[in-house]
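The structure under discussion appears below in the form of structure tokens.
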Amino acid sequence: MAREQNILKKIDLPLLLMYFALAFMGLLTIYSSSYDENYPAIYTWTKPYGKQLFWLFVSAAIGGIILLMDSSLIKKSSYFVYGFVLLMLMVVLVMPPINGARSWFKLGSFSLQPSEFSKFATAMAIAFYMSRINVKLQDIRTKATLIMIIAIPGGLILLQPDAGTLLVFFSFIFVMYREGISGNILLIALLGLVISVLGVYVSSFETAEVNEANINELIAQGSYSASRYKEIARGAGFYSNNYTLAIGLFIVGGISTLLVRFFVLPRYRKSYYPAVIISTVGAILIVIAINWSYDHVFKTRHRSRFQIMFGVKEDRRGDGYNIYQALSAIGSGEVTGKGFLKGTLSNEKYKHVPEQSTDFIFCSWSEEWGFIGNTVLILLYVSFLIRIVMIAERQRSKYNRIFGYSVASILFFHFLINIAMVIGLAPVIGIPLPFFSKGGSSILSFSVMIFILLRLDAGRSEELY
Amino acid sequence: MDPYQSRRWVIILIILFIGVIFLSRLFYIQVIDSKWIDRAQSITHSRKIIKPSRGLIYDRNGELLVIAKQVYDIWTTPKDIGEVDTLELCEVLGITKADFDKRLKKARNYAPYKASVFIEGISQEDYGSIITKLKHYKGFETKKNTQRGYPHDIAAHILGYIRKISAEQYAKDKLKEEPYYLMDDYIGITGLERTYEKELRGKRGALEYLRDRLGNEATELSTNYAQEGKKIYSSIDLNLQEYGERLMNNKIGCIVAIEPATGEILSMVSAPTYSPTGLVGRDFAKTWSALSKNDSLKPLLNRSVYNSNYRPGSIFKLVQALIAMEEGVISESTGFPCNKSLIGCHNHESPSNIRTAIKHSCNPYFFQVYKKLILRGESNSIFIDSRIGLTKWKEAVASFGLGVKFNSDIPGVKKGNIPDTTFYDKWYGKNRWAFSTIYSNSIGEGEIGVSPLQMANLAAILANKGYYYTPHLVKKIGEDGDKKLSFKERHYTMVDSSYYTPVREAMEQVVLSGTARQAQVDSVAVCGKTGTVENKSFNDHSVFIAFAPKDDPKIAIAVYVEYGTWGGTWAAPIASVMIEKYLKGVLSEKGKRKEKRILEAIILDKNSDFKH
């Protein structure tokens, strides 16, 4: 008993309070976004807010149990939890599909989404594996094992299919970075991302231009009709600016090689040449591959989304509908917002914003609380994430630190992708905003993550490794 | 010591950087860029038009003449129709395939993705059977509407009809400073519906609301209720109008009855007439083309105010007598011989004064009266003298409301024709006409053209001894309203009221022992004058005006029966039963006999053979 009281005293209060604040704001937003005048009570079990409240209680209860557990028990159960979740991910693939995806176990009016739990399970497995004494990240073997740990659940999730959740598994790159993989990898990843985005942008821009020219021609002929018009791709012999970009990259690579030849000491040249040559060839291949895939791999709807995201096309009825409605809802919140329960776009009553209580729930908050509310939300989220990083950093145990960073990375990725999508900075990707989007598995999974972290942190002085 | 400790700052910086980007972007969307507020408005805000109900029309005693009837319009959104069995659908709607195609094409041309009226004005009885089957078709919906209904089915010419606004009218309205009409609004086309369109249509209201994703009304923002159209109380006496229309059945012509003390029109019958109910709703086009194209008797024409070949005939002698006395060219006791070499006449003693001249309707007498009016010896040239005379005469005649257009509320009023110097100059050439050319005017023939309304007004002038109120159809606009101010203004003739006495007495004699004995009403002093308007190769028109009772006139009336021969044959008895009905409510035995004879008569042939 004495020890348990001790534990409760050692809990990191700022993180716990911020967790409660986010959970409360989330509940409030779900209440507002799915409010039904006939059932105003927040504990109406048949309504999303009643369910969210229920899952918050469940989360608190499980959180309490986690806090009472022994740290070492949590750590030791890592592989077991990971294995159990993998099993669930496999079983769920034979379940009847809901909305075209086999992601849920249906239990009466409640449903369970194992992919949500795979996030912290994978984090536990990675932490457990890497905290073993003889494991060094520099070893190829270690890297391969880590990729395996991430790829197995990732692959199973892709089979559901649920590309959004899969994307979250890329967030572990931050953990690896902190644990010492070469910073170049992050840099290369960033460079690859920039070149890819540039390549997609050029393709999108050109396609939009080609289409506009085509439309103008049809209008001049008098045979244009909006309903019948189908988007056309760039012609077969089209000279894309991506080729110019590739040539540019080739020239930059050539000059870099010459620079190495003249300015780098001979004994270092050997390690420089491959780096320059590989990155040049890689970059050129990426540009050409993207240019080709844009026309041949992506479908019209994907191209459409890219064009909308880059602002070269505005399609408020078709593919751009979601984002147009979302931005209208957010923009109409102005500085102070319309007030709680006073939204006119993103709630169940009006439903102008689709998925207003799941992926697009940020609209609901933005509309009702305005820029002031958004400032509170963003600052709170950023503080929350930084607090997790700080907590992770003060751990003596490697497991604790790695798990802490995993939690921070997973939450940060959700935060980044979800809000960027809703405010029109990223293409539409279905991914929830933690603590806000409705969904029992989601709130439970994120809560468990936080409570495990709180428990590990509270017991950090007892740990030796 | 952990060598990668400092990497935490890279990660923290990335998190902060993303936070800053998000806040900047949100600041731009929510605070700086105002376009999203407008876009949100256009997504959420919507308004619905609330149409006012059109004002009702009553008779002078508060009986309903025009009501509003609930009907249904079928609307279509062409894009939503999809593949359907057109023939089956036509059967449901009760239209032909050609008609269906025509209507659909019209709707498509308007806007394929917007709803527009497909069939208007389906009665409640038909609606029941149509809607049960129409439910299975996409792209069609029904909307409630109101349409005109006529409980008594009379007075079609007076009431007029309404129609959906035409493209031209709509375009014209759009050019106004404050355009009112919408594409599917109804507008008065003729009759009172047209004259009092502004009062009857009311004022449109609007409901502003927030809509949901499907366009349904989710939250009411504000309501601006519609103001229903004003009630119009017409001056028509329902019973008299109905009776008049019955009397004129199977005849061509008209009856106009005026209350002399006010100028209010008690009844205005134009025969043949038509049923106003036929011009309502979906039957409109069929009825209208039948009435306008396929009917040689022109039932749509309101003969009371307009017919180019109506002349006053002998009735005009009353005006000639009055003007001549006022001008001093004759006196009450001036006599002229009945010289048939001047102009034809029937056999009677030579009139020794105005009274006998009017009683016998002596043509040579008024030839000489008119000659004195036109040739006054003010110039040596008969041409110039005629010009001076005609100008003075025309001015005097105009003061009787003849040859002038009443500023009234009766649509289509015509001014008729009282010829002046310009008229004859154009006709014959300047100084190429004189009295000898125009003498036919003396007995109300020649170039004189009048409307029956003007004739009824003449009777009213005689009843009032020298003045009239502009004849009008509406006595009250709105329940507590009033009539137009201009209708309360007296118009005096240029003839002094003392000169009316001999003329009125002569008119009484006309009824008692002259040409209009058929116009007698028991115990009522009727004053009248017959007219027989010449038609060269057909029967003459039978014309009669009268007012009664002589000392306190309640009704002034004019009757035209085309091809009815002598004024006393048909027009006089019709006027007398109208007067009797109005003054007494029931007819005497004598009246009933007259009524029977009138109702049985069919005078549609231009050369009917009447046995007197």
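Since the structure is predicted, the reported quantities are computational estimates derived from the model, not experimental observations. Chain letters run A, B, ... following the sequence lines, proteins first and then strands; every chain starts at 1.
Interface remark: A:F412 contributes side-chain atoms only to the contact with chain B (heavy atom separation under 4.5 Å). With a threshold of 4.5 angstrom between heavy atoms, B:I21 approaches chain A through side-chain atoms but not through N, CA, C or O. Both the backbone and the side chain of A:L327 come within less than 4.5 Å of a heavy atom of chain B. For a residue to count as touching a neighbouring chain, one of its non-hydrogen atoms must lie under 4.5 Å from one of that chain's; by this rule A:S366 touches chain B with backbone and side chain alike. Only the side chain of B:I11 comes within contact range of chain A, with heavy atoms under 4.5 Å apart. Neither the backbone nor the side chain of A:L186 comes within contact range of chain B; no heavy atoms are under 4.5 Å apart. Both the backbone and the side chain of A:A420 have a heavy atom closer than 4.5 Å to some heavy atom of chain B. When heavy atoms are compared at a cutoff of 4.5 Å, A:V389 approaches chain B solely by way of its side chain, counted from C-beta outward. For a residue to count as touching a neighbouring chain, one of its non-hydrogen atoms must lie under 4.5 Å from one of that chain's; by this rule A:I181 touches chain B with the backbone only.
In this structure a side-chain-to-backbone donor-acceptor pair under 3.5 Å is present from B:R25 to A:I423.
Looking at heavy atoms from C-beta onward, A:K349 lies in side-chain contact with B:T219 at the 4.5 angstrom threshold. With a 4.5 Å cut-off on side-chain heavy atoms, B:L16 and A:I386 count as touching. Contact of the A:R178 side chain with the B:Q5 side chain is registered, since non-hydrogen atoms from C-beta on lie closer than 4.5 Å.
Surrounding NZ of B:K35 are more than 12 heavy atoms belonging to other residues, nucleotides or ligands, all under 6.0 Å away. When the shell of 6.0 Å around CD of B:E228 is examined, it contains 12 or fewer heavy atoms from other residues, nucleotides or ligands.
Nearest heavy atoms, B:I18 versus A:F415: CG2-CE2, 4.2 Å. B:A40 and A:L345 get closest at one heavy-atom pair: CB-CD1, 3.9 Å.
When each of B:N216, B:I29, B:D38 is checked for heavy-atom pairs under 4.5 Å with chain A, B:I29 comes out on top. In terms of non-hydrogen atom pairs under 4.5 Å with chain A, the most contact-rich of B:S42, B:S6, B:A218 is B:A218. Per-residue heavy-atom pair counts under 4.5 Å with chain A were compared for B:L26, B:D33, B:T44, and the maximum is reached by B:L26.
Relative to the six-membered ring of A:Y177, B:R7 meets both conditions, a distance below 6.0 Å and an angle of at most 45° to the axis.
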